[in-house]
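Below is one structure, written out as structure tokens, with a few remarks after it.
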Amino acid sequence: MDLGQNRFSEPSKKSSSATDSVKNLVGNQRFTQYDSQQHQKWDTDTSLSYNTTLFQHNFPEFQAPLEPPSSQACNQKDEIKRPDQFDQATSLVNNNLQGWDPRVMLSSLSFLEQKIHQLQNILQTMISQEGQLSGQANKHIAQQQLVTADLTSIIIQLISTAGTLLPSSKNSMSVTNPLIRQLGSILGSNASLGTNVESHQNEIMAQGESSALDYGDQIKGMSDCGGKHNYVDQDEPYILPVEGSEPLAVDENEMKDSEDAAEGESLPPGSYEVLQLEKEEILAPHTHFCSICGKGFKRDANLRMHMRGHGDEYKTAAALAKPTSKESCAEPVLIKRYSCPYAGCKRNKDHKKFQPLKTILCVKNHYKRSHCDKSYTCSRCNSKKFSVIADLKTHEKHCGRDKWLCSCGTTFSRKDKLFGHVALFQGHTPVLPADEIKGLSDQGQHKDPAMMMESKGFDLKPAGGVHALNMKVDDDHGFFSQMNFDSCNFGGIQEFPRPAFEIPESSFSFIQSRSCNFVQSTGENPSPNVL
Amino acid sequence: MAVSSSSSIFDLLTDEILFTILDFLAADSPLDLKAFSLVCKSFHAVQSRHRKTLKALRIDLLPSVLRRYLSVSHLDLTLCPRVADCSLSAVAAACHSSLRSIDLSRSRSFTHAGIADLVSNCRFLVEMDLSNATDLTDFAAVAISRAVNLERLRMARCKMITDLGIGCVAVGCRKLKLISLRWCLGVSDLGVGLIAVKCKELKSLDLSYLQITKKCLPAILQLHNLEELVLAGCLGIDDEALATLKQGCKSLETLDVSNCPNVSHDGLSSLINGAVCLRQLILVNCTPVTNALATSLEKLPKLQAIKLDSCHVTCSGLKAIGNGCISLKELSLSKCSGVTDEGLSFLVTKHKGLKKLDITCCTKITDISVSSVTSCSNLTSLKMESCSLVSKEAFVLIGQRCHLLEELDLTENEIDNEGLKSISRCSKLTSLKLGICLNITDKGLIHVGVGCPELQELDLYRSVGITDCGIAAIAQGCPMLQIINLAYCKDISDDSLRLLSKCSRLNTLEIRGCACVSSVGLSSIAVGCKQIAKLDIKKCCHIDDAGMIPLAHLCQNLRQINLSYCSITDVGLLALASISCLQNMTILHLRGLSANGLAAALLACGSLTKVKLHVSFKSLLSQPLIHHMEARGCMFQWRDKPFQVEDKELKDAFR
């Protein structure tokens, strides 16, 4: 909520960039539409029917008595605004949900009602002021902001209230956000924006839309960073059981090749239940929301800690206890495995060699790694990209320490990996550390420029001509001094004090005669072996 | 030489004919090549074109030499201790694409830059020997890796080279057939594995003393052309590692697992499993030779040579080898404990075709064994140093039965003149070692001189019964003599040396402790034996400067000299220093030597690599001089031995 308010404090700016946001948020379009659609609904006071559609979508098995079971199609179906249906659905839900208190729901709904009335009042005053106070733009804007903030708060409240109805939730708040998205898809599909809207609402609509866009943007941002944290899921969020309680027949159970596989398991097909989350749920940043302020959390435990701030009733041992413990002992444990929603994926239940994923966390990581853009770039090397932020962090720990380099530019943190790579590919060769390569190539250039022209694969010279020049100079000295040493055969004697004793001339003549001798190979290797 | 104004008659000879003549000359008497080239200009030119190999004596003259010999394909720089990068660049510029092979194994102070130059200019380099270049780094390996035609690469003791460098070589030099990584301690499984993966044509692989483990073995054993594999001293290779190998290398012909204490017959049998082509197996200082080991060798039908030096050998093991290895031709049991008459006799009676046998220091064997050994009439090499239980009669048997002997080592045995007389029947004998054979005299040696005209090496170390007479016979009868050791034959005098000077091929002469020898004798050697490369005149106290001067004048091939205890002064040493390829000098206890004379000699002698000096000179020589010498590639060894006087004669001489 606080996040939202910060963002909404500058609506005018945001609305100006709304079109851009729309472009960016193609993936979130449903969400946007959902928001605008929701304004519409509230306006016409059909929040109940909203709930209805919600349940229709969420619990296809509940729909069974009412509609033919059409799992995905029902998403796109018309929203049926029949109160009776809602009632039925609700009653079903009520029957199913243990420990769900309708009184709590009622109180929160009446709270919502009050809020909506307040909002209506504000809007009516705004309309009445419209003609007279055209000049007071500032006040108008302030009011708009107020309305936007209120609306946002209402939305979140409503969602969290709806979340308490979820059947599988041991915690009432677990899956609100996925719901939002699904709702968006339901509602947005056929609602032609603005047709049902009263003219005086257009302005707010536009406002709401832009802010909703922002919100969506923000959500996306949050989901991006949400991915950074490993989602530890003790409570099962909203799950779409596949084909009822009958698990899929799986051809094989090869579950070894990936970290996400249910490794080491050889569950026979049918011994476990295959569950499949939707893409939106997998990518949702938060799965636990505060029923009072709407703040989202990744973990149930964090939410419970947060709840303590809302009053003493949340500080009791019962409220703070881990909700799973009760349920788990009550129900017989059925092994659950997960399917990736991406069609054609090996982790998808329809794949011939389906390999189930073991936990929700596996699902999330797998989906992001395999089917999402790699949006996190390492800030150090600016080349490695990751879709799971934990992977980025793992990489960043080692980035820069990849000292093993191949001529193709690939770096390795381990020497054996580099050698495995080189062994595998033709023409790839290990490369020595770059700074020293420069020394090599400079020397080579100094000696013979043609050589460097011929040599391939060592164009890694860092820019730094001045330094290279310096090195050349140094080398020159080195070479000359070496030559001096070398040529210091006999003249070298003058470098040292002359012998104090007298040497007969004859002995020196021998020495000097040496240099006149025609020195050549004397046949130590007499065989004229031609190579 | 008939030089007419119009044309020389030599013009009638085509280059092909001259080349053929030169081929014979080069094989027979290399010095004549020089004479040939001095005949006329055209001969000079022909000889320049004919020369393919070049062994440089001094690196500073190399550019001018290379200008003359344009078609040199093999360049041997082992006599140049210091080869700087600029020298290699000069070689590269001079030889260009004609150079096929270069030997830098004894040279230092070149770096990767020089190698890079060489490799880029000489694109058809096939062979490089970079052994002992301990300061070469991976960049040198990178430079080598650009020699795409390289087939043979020796990098023994290149300790700075790591896996990365070897990896580059493996990728770059795909035609490698031979690589030696002996003592390249920076190379591990990864580098070796990559070599095996990338260089599929590899035939010879030397991995001695590397820190390799089983990880690289599978790749190596999959090399289809591998013929020689040396795993000596690889401590990381043990039975456990070898047990994982399913199949040995089928093409393998030579396997060396010496000094691998962790390899027993189990590991060995998995290594040689399926190696049907194996001809040579070297197991020096390795697992005990038991029945089990010998049985595992039975599966190798082509196994010809087994080297079991310093192993413990059991009788049953020897018997199993006797029963198993059907093709056995060479067997070395040098310094093996446990070799008995029973085992050895059984073995040699089973392998009558044995050609080489080494039973050095098998102290338990007696005449019985020798009698059986002599039944191998094809023996060409028999080494039986210090077989102290063998009686003098046994050696007569050797001479009677083994006529084909070419190499015979009887050091420290009971052989007498009768034995020598018998052995002199081996007319093909080229190497005869009779060190510390105290029972032999001139009488026996004369027989050798008469009967063994092929003799090239004769060792009479401390065989004190030998005098000038015996040597005279040798000098007369053995013109091929190259190496002779007369150390401590105290009766040898200048006469012997004068006679030996007829052996023009003599290149090694040891007359240590021959107190009767003087400068006169040495001078005659200098005159007659221009090939002398190694000379030991330690304790020849009558040799003085007068002997050094002709030596310096005439023996320009001298590499190594020991002058200790001689009567040589500064003058003699300075004269010696003019020998351009003198590398190794031992100068201890020279009475007449001053520090300044020594300094001058050291400076003058440009090619010195090793000098042994008395420690007292360390303080007398100036520090800059020592640094200068070390920078030139010369190593000093400081000895602190007290002055020794062995016998009265020497004492008298020094008095």
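To find a chain, count down the sequence lines: A is the first, B the second, and so on, and within it residues start at 1.
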* Within-4.5 Å side-chain heavy-atom neighbours: A:Phe419 and B:Val197 -> no
* For B:Arg108, does the CZ atom sit with more than 12 other heavy atoms under 6.0 Å from it, leaving out its own atoms? -> no
* Side-chain heavy atoms of B:Val171 within contact of A:Pro430, under 4.5 Å -> yes
* To do: Quick one: pull up CD in A:Gln426 and NZ in B:Lys198 and give me the separation to the nearest 0.5 Å.
  => 5.0 Å
* Asked: Can you check whether B:Val142 reaches A:Thr429 side chain to side chain, under 4.5 Å on heavy atoms?
  -> no
* **Residue pair A:Leu418, B:Leu164: steps toward the side-chain contact (heavy atoms from CB on, under 4.5 Å) verdict** => CA-CA 10 Å; A:Leu418 167 65; B:Leu164 276 188; 3.8 Å; yes
* Inter-residue atom distance A:Asp416.CG - B:Lys215.NZ, 0.5 Å rounding -> 7.5 Å
* Hey, is the main chain of B:Asp163 close enough, under 3.5 Å, to the side chain of A:Lys415 for a donor-acceptor pair? -> no
